[in-house]
Amino acid sequence: MNSLEEQIRNINWNNPNEVINFYESNLLYYNNYEIIDSLDKINDFVTIKLHYANSLFDNSRFDKVTEVLEQVRELLIRLGKDHWNYEQSERHERFLTGMVLGKKQQFKTSHSIFKKLVKEDPEHYYYQVWYDHTKIGLYNWIFNLFSYSGLALILLDLVFELDEKLSFDPGTIGLVLAGLSFLTQKGISEYYKKKKSANKR
C-alpha cells in the first residue's frame with residue numbers, strides 16, 4: 001500500500017471523486033486533527049480539508065461541506081493569522097461557506113459574505129459571480145409573492161367566476177402579475193449572465 005505522501009503526490013486534485021476517495025480512505029487520520037501541534041502539519045490538514053470540502057461541494061454534499069469547514073475554522077485558529085497561508089485559506093473557507101449558504105437559499109448571510117470577499121478582492125471572478133447570484137436571491141421572495149398572488153387570483157376566478165361578479169377581471173390581473181414577475185426575474189438573471197460573460201473575457 002502506498003504511503004500517505006505517495007497518495008497525495010498521485011492525486012488528481014481536479015477530480016472530485018478521486019479527492020473524496022483519498023480523504024475518506026484516510027478518514028481516521030484526518031479526523032484526528034485535534035492532536036496535531038506542528039504548524040506545518042496543521043497547514044497540511046487545512047489544505048487537504050479545503051480540497052475535500054471543494055470536492056464535496058461539487059458532489060452536492062452540502063451538509064458534509066459545512067461539517068468539514070467547521071474543522072477548518074478550528075485549525076485556522078491554531079494556525080494563526082501570521083502564518084503565510086492563513087489569509088488565502090481563510091478566504092477559501094468563507095468562499096465555500098458562502099456557496100453552501102447560497103445553495104441552501106440562505107441568501108442574506110451568503111450575500112454578506114460575498115460582499116466582503118468582493119471588497120477584499122474585486123478582481124476575483126467567482127466572488128463576483130456568487131455576489132450577483134446571491135443578490136438576485138435576496139429579491140426572490142418579492143417575485144415569488146407576485147407569482148403566487150397572480151396564480152391565486154387566476155384560481156379564484158376559475159373556481160368562483162369572479163369576473164362575472166366584479167367590475168374587473170381578476171384572472172387577467174393574476175395572469176399579468178404572474179407574467180410580469182416571471183419576465184422581470186428572467187430579465188435580471190439574463191442581465192447578470194451577460195455581465196458575467198463580459199467580465200470573463
Taking every non-hydrogen atom, the tightest pair across P16 and D58: CG-OD2, 3.6 Å
Heavy atoms from other residues, nucleotides or ligands near CG of N12 exceed 12 (cutoff 6.0 Å): yes
Residue pairs fulfilling salt bridge (Lys or Arg N to Asp or Glu O under 4.0 Å) with at least one residue in residues 28-45, sequence neighbours excluded: none
Distance in Å, L4 CG paired with E6 CD, rounded so as to fall on 0.5 Å steps: 10.0 Å
Distance-only polar pair, side chains of E70 and T66, donor-acceptor under 3.5 Å: no
same_hphob_cluster(L50, I77) at 4.5 Å side-chain heavy-atom cutoff: no
Distance in Å, Y131 OH paired with H111 NE2, rounded so as to fall on 0.5 Å steps: 4.0 Å
Closest non-hydrogen atom pair between I8 and I48, with its separation: CD1-CD1, 4.4 Å
For the student: nearest non-hydrogen atoms of N43 and W84, plus distance: ND2-CZ2, 3.6 Å
Interatomic distance, I20 atom CD1 to H51 atom NE2 [nearest 0.5 angstrom]: 13.5 Å
Minimum-distance pair of heavy atoms, taken over all atoms of G98 and S110: O-OG, 2.6 Å
Between Q128 and D132, a side-chain donor and acceptor under 3.5 Å: yes
Charged N-O contact under 4.0 Å between D63 and K104: yes
Pair K49 + E74, salt bridge at N-O below 4.0 Å: no
Derivation and outcome, side chain to side chain contact (heavy atoms under 4.5 Å, CB included), residues Q7 and S25: CA-CA 11 Å; Q7 291 179 57; S25 66; 4.2 Å; yes
Interatomic distance, H83 atom NE2 to I42 atom CD1 [nearest 0.5 angstrom]: 8.5 Å
Heavy-atom side-chain proximity of S89 to L76 below 4.5 angstrom: yes
Separation between CD1 of I154 and CG of L175, rounded to the nearest 0.5 Å: 5.0 Å
Heavy-atom donor-acceptor pair, E18 side chain to N15 backbone, under 3.5 Å: no
Check: N59 side chain, R61 main-chain N or O, donor-acceptor pair, under 3.5 Å: no
Residues forming a ring-ring contact (aromatic ring centres under 6.0 Å, His included) with Y33, sequence neighbours excluded: none
Step-by-step side chain to side chain contact (heavy atoms under 4.5 Å, CB included) determination, M99 to Y126: CA-CA 10 Å; M99 290 198 300; Y126 288 106; over 6 Å; no
Check: V100 and Q106 side chains under 4.5 Å, non-hydrogen atoms: no
Lys/Arg-Asp/Glu bridge criterion (N-O < 4.0 Å) met for K116, E120: no
Salt-bridge present (R9, E5; N to O < 4.0 Å): no
Verdict with supporting geometry, E93 and T97, side chain to side chain donor-acceptor pair (under 3.5 Å): CA-CA 6 Å; E93 178 273 315; T97 298; 2.9 Å; yes
Aromatic ring pairing F95/H92, orientation class (parallel under 30°, perpendicular over 60°, tilted between): tilted
F45 ring center within less than 6.0 Å of Y29 ring center: yes
Nearest-0.5 Å distance that lies between atom CZ in F22 and atom CD1 in I11: 4.0 Å
Ring centers of Y23, Y30 separated by less than 6.0 Å: yes
Pairing of E87 and R94 as salt bridge, 4.0 angstrom limit: no
H124 ring center near Y127 ring center (under 6.0 Å): yes
pair R91-D121: side-chain heavy atoms closer than 4.5 Å: yes
T134 (side chain) donor-acceptor with G137 (main chain) under 3.5 angstrom: no
Cluster check L27, L75: I/L/V/M/F/W/Y, side chain < 4.5 angstrom: yes
F114 and W130 aromatic ring geometry - parallel, tilted or perpendicular at 30°/60° bounds: parallel
